Every structure is written in structure tokens, then in C-alpha cells.
Peer 1: 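This is the structure, below, for whatever I ask next.
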Amino acid sequence: MTAKLPITLVVVARDEERNLPRCLDAADFCAETLVVDSGSTDRTVAIARERGARVLERAWTGYRDQKNFGVEQAGQPWVLCLDADEVVTPELRASIEAAFRGGDPAADAFELNRHGVYAGRLINHSGWYPEWRTFLYRRGSAVWSGREPHPRVEFRGRVRARLDGDLLHYTYADLAEHLRKNAASARAAAAAMHEDGRRAGWTDLLIRPKFALLRRLVLQRAYLDGFRGLCIAVMAGVYTFLKYAHLREMQGRGEAARDG
């Protein structure tokens, strides 16, 4: 049996019984697995414990806070931060194992190339691939920051390297799930912008959605991904419109409250 690597796998989850087994099984080379659950009502917690994970139940405060909380609880010197719908491929696993084979790596963090999967098919363009993200890092060398609902890792170490092999991201099972998650993400993004004091004007509502669609479709060549690419491009426009429409609605309620 291959020795476990000094890595804590940190997974933020809620109602992920469909995705979680695939995620945990592919990263079983980690010495510790930690699942931060925020009120799952399905078998997410049971599945995590069946696979030997330590489960921490915590009320949802946003992706950024949940991930940083999980990293703070990690018992290993390195952390691999994944969502439940992300899966380490055999090629990426081999690269990670090779990076640790000679002892502690010289780098403080590694970027992984995330490869989106939409309705069962790999997306090779559309701004989804290549997509390098810092998900594997030495504790203390990075922190999750940025605006919800898409925080990013802020690297604070010295050396960062890239690993071969893809991290599969199983985004949406179908268009209905895409629509549902898009709407929720747009609301979360609008709330974060509202807290920052941002405002939405008519230009944001009329111009930005069109640019988002064309950027995906033409500049990022979503047309090469066929029907799924078209869905991704159109939904980028829908997401952008909803985000600014929600923001406009929020600022209207705020103005009404002040006037009242």
C-alpha cells in the first residue's frame, strides 16, 4: 500500500451525496480528509464518515469562510481544497505523488488545471479550459479571499509550480441544474456587490450581458464546444443580467427604506 501524503483534503459540501464519493475516492492518497458540511439533509455526512473523513458541521457563511475554516482545522502541513464536484484524475494524482516523492516539495503551492465537464462531456474552450487554480498549498502560504460566490486563493508564499494532469470539474448535470445554480450564484454575487457599495445602472443591465455572451461565444470560442458551448455562452449573459438586476433591486429597496 502506498504511504499517504502529508496533505489534508478539505471539501466544503452541502447535499452532495451524488458527487462526494467520486471526489473522496480519487483523493484517497491524502493522509487526512476533512469535510465541512453546512446542513446536508441527504447522505453527505454519512458518506464522508464511511470513507474515514472527519466531518465538521458549520452554518453556511460563504465559500470563502467555509474553506478558510476547513484549512484552519487541518492536521497536515499541506492542504488540497476541493469542492465535492471536483475529481483528481489518475494523471494528476501521479503528478502530486511525484512532487512529494523526494520529501517536502521546494514549492509552497501548486496550480492545478481544472477541466470542466458539462452534462457528461468535457468542455475544451468557452473560458473553461485551461483554467489554472491554486488548490494545493502549504498551510500558511495562501488564504481564500475575494468576492462571493467565486473566491480565489491569494498566494502568499515564495514559489508556486504547476502540475501535469487535469482536475475534473463536474459542473452541471443538465440545463435545468445550470439554470438553478446560475440564479443562486447571481443572487449571491449581487449581495456581495451590494455590501461593497456597488450600484447598477442601465448600462450594466443592457450592455454587460451582451458583452458576457459574446465574450464566451467568440473570444473564448464557445462555438467549438457545440450545443453545450452555446448554453454556456447564453447562460453567461443570463447570469450577468440577473446579477445586476438583483443589485438594482437591492439598491431600490435600500433607497425606499431611507426615504421611508
Side-chain angles (χ1 to χ4, degrees), residues 12 60-68 83 85-86 111 113-119 121 123-135 143-155 169-260:
V12 170
W60 181 255
T61 57
Y63 286 103
R64 179 188 60 205
D65 291 348
Q66 296 295 94
K67 288 176 181 290
N68 281 328
D83 290 337
D85 58 4
E86 294 171 334
E111 290 185 329
N113 197 3
R114 191 163 69 170
H115 201 162
V117 180
Y118 187 115
R121 183 174 297 178
I123 301 300
N124 297 316
H125 308 91
S126 304
W128 282 22
Y129 187 78
E131 184 187 23
W132 291 96
R133 296 289 188 93
T134 304
F135 288 157
V143 65
W144 286 87
S145 63
R147 181 184 288 119
E148 294 292 322
H150 303 295
R152 289 178 174 267
V153 166
E154 178 186 329
F155 180 59
H169 182 204
Y170 289 87
T171 57
Y172 313 110
D174 51 33
L175 183 58
E177 184 178 20
H178 194 173
L179 284 164
R180 185 174 67 255
K181 289 187 175 181
N182 227 24
S185 293
R187 285 194 299 272
M193 294 169 70
H194 186 61
E195 290 178 4
D196 290 343
R198 296 278 301 276
R199 296 180 64 82
W202 287 105
T203 300
D204 298 311
L205 293 167
L206 297 175
I207 304 301
R208 288 184 184 272
K210 295 176 183 177
F211 178 76
L213 187 157
L214 292 174
R215 180 170 178 265
R216 289 282 191 198
L217 191 63
V218 180
L219 297 181
Q220 296 177 334
R221 302 187 297 168
Y223 62 90
L224 293 176
D225 290 311
F227 172 70
R228 289 168 175 80
L230 177 62
C231 290
I232 291 170
V234 171
M235 291 299 288
V238 171
Y239 168 84
T240 303
F241 174 80
L242 288 175
K243 179 174 65 175
Y244 285 101
H246 281 302
L247 179 58
R248 179 86 178 187
E249 186 178 56
M250 291 172 187
Q251 72 191 41
R253 287 199 296 263
E255 292 167 357
R258 287 194 299 271
D259 294 341

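Computed from a prediction, not measured in an experiment: that's the story for all the values here. In this chain, numbering begins with 1 at the start of the sequence shown.
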Peer 1: To the nearest 0.5 Å, tell me how far R198 CZ sits from Q251 CD.
Peer 2: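 It is 11.0 Å, given to the nearest 0.5 Å.
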Peer 1: Under 3.5 Å, is there a donor-acceptor pair between the side chain of R64 and the main chain of P151?
Peer 2: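 No; judged by distance alone, with no hydrogens or angles, the pair does not exist.
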Peer 1: Do D225 and N124 come within less than 4.5 Å of each other through their side chains, counting heavy atoms only?
Peer 2: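 Contact flag for D225/N124 side chains = yes.
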Peer 1: Would you find a donor on one side and an acceptor on the other, under 3.5 Å apart, between the side chain of N68 and the backbone of D65?
Peer 2: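 No; zero donor-acceptor contacts below 3.5 Å.
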Peer 1: In Å, rounded to the nearest 0.5 Å, how long is the span from OG1 of T134 to CZ of F155?
Peer 2: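 The OG1 atom of T134 sits 7.5 Å away from the CZ atom of F155.
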Peer 1: Could E86 and R114 be called an ion pair, given the rule that one side-chain N must be under 4.0 Å from one carboxylate O?
Peer 2: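 Salt bridge present between E86 and R114.
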Peer 1: For the atom pair CG (L219) and OG (S126), what is the distance rounded to the nearest 0.5 Å?
Peer 2: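 It comes to 12.0 Å.
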Peer 1: Of all heavy-atom pairs between A212 and A236, which one has the smallest distance, and what is that distance?
Peer 2: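 Result for this residue pair: CB-O, 3.8 Å.
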Peer 1: Just wondering, do V234 and L213 contact through their side chains at under 4.5 Å, heavy atoms?
Peer 2: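 The answer is yes, as the side chains (C-beta and beyond) meet within the 4.5 Å cut-off.
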Peer 1: For a 4.5 angstrom cut-off between non-hydrogen side-chain atoms, does V117 reach Y172?
Peer 2: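 V117 vs Y172: side chains apart.
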Peer 1: State, without any angle test, whether Y118 and H178 hold a side-chain donor-acceptor pair at a distance under 3.5 Å.
Peer 2: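 Yes, a side-chain donor-acceptor pair sits under 3.5 Å.
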Peer 1: Given 3.5 Å as the limit, does a donor-acceptor pair link the side chain of N113 with the main chain of E131, or not?
Peer 2: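 Checking the backbone N and O of E131 against the side chain of N113, a donor-acceptor pair under 3.5 Å is found.
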Peer 1: Is there side-chain contact between R199 and L247, with at least one heavy-atom pair below 4.5 Å?
Peer 2: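 R199 vs L247: side chains apart.
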Peer 1: Answer with yes or no after comparing the ring centroid distance for W60 and Y63 against a 6.0 Å cut-off, counting only values under it.
Peer 2: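 Between Y63 and W60, which both carry aromatic rings, the centre distance is below 6.0 Å.
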Peer 1: Can you list the residues that meet the side-chain hydrogen bond (donor to acceptor under 3.5 Å, both in side chains) rule with K67, with sequence neighbours excluded?
Peer 2: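 In terms of side-chain hydrogen bond (donor to acceptor under 3.5 Å, both in side chains), with neighbours along the sequence ignored, K67 is linked to D83.
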Peer 1: Rounded to the nearest 0.5 Å, what separation is found between the CZ atom of F241 and the NZ atom of K210?
Peer 2: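 So the gap between those two atoms works out to 11.5 Å.
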Peer 1: Answer whether the closest heavy-atom distance between the side chains of Y223 and H125 falls below 4.5 Å.
Peer 2: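 A side-chain contact under 4.5 Å is absent here.
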Peer 1: Holding to side-chain hydrogen bond (donor to acceptor under 3.5 Å, both in side chains), I want the full list of residues that pass it with S145, two or more places apart in sequence or in another chain.
Peer 2: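 Applying side-chain hydrogen bond (donor to acceptor under 3.5 Å, both in side chains) to S145 gives E154.
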Peer 1: Does some side-chain heavy atom of H169 sit less than 4.5 Å from a side-chain heavy atom of H115?
Peer 2: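 Side chain of H115 against side chain of H169, heavy atoms only: no contact under 4.5 Å found.
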Peer 1: Drop me the distance from Y244's OH to M250's CE, to the nearest 0.5 angstrom.
Peer 2: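 Going from OH on Y244 over to CE on M250, the span is 13.0 Å.
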Peer 1: Between E177 and A173 (side chain of the first, backbone of the second, donor and acceptor by atom type, cut-off under 3.5 Å), is there such a pair?
Peer 2: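 Yes; at least one donor-acceptor contact below 3.5 Å.
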Peer 1: Distance check, rounded to the nearest 0.5 Å: E148 atom CD versus S185 atom OG?
Peer 2: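 The distance works out to 10.0 Å.
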Peer 1: With side chains defined as the heavy atoms from C-beta onward, is the minimum distance between M193 and R147 less than 4.5 Å?
Peer 2: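 Of all side-chain heavy-atom pairs linking R147 with M193, at least one is under 4.5 Å.
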Peer 1: Inspect the surroundings of CZ in R248 and state if more than 12 heavy atoms from other residues, nucleotides or ligands are less than 6.0 Å away.
Peer 2: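 Counting neighbours around CZ of R248, more than 12 heavy atoms of other residues, nucleotides or ligands fall under 6.0 Å, so yes.
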Peer 1: Between W128 and R216, does a side chain to side chain contact (heavy atoms under 4.5 Å, CB included) hold up when you go through it step by step?
Peer 2: CA-CA 10 Å; W128 282 22; R216 289 282 191 198; 3.8 Å; yes
Peer 1: Residues two or more places apart in sequence or in another chain: which of them pass side-chain hydrogen bond (donor to acceptor under 3.5 Å, both in side chains) with Q66?
Peer 2: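 With sequence neighbours excluded, Q66 shows a side-chain hydrogen bond (donor to acceptor under 3.5 Å, both in side chains) to R58, T61, given in chain and number order.
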Peer 1: For the residue pair R228 and I123, establish whether any side-chain heavy-atom pair is separated by less than 4.5 Å.
Peer 2: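 R228 reaches I123 side chain to side chain.
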Peer 1: Would you confirm whether N182, through its side chain, and M235, through its main-chain N or O, come within 3.5 Å as a donor-acceptor pair?
Peer 2: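 Yes, N182 side chain to M235 backbone: donor-acceptor pair under 3.5 Å.
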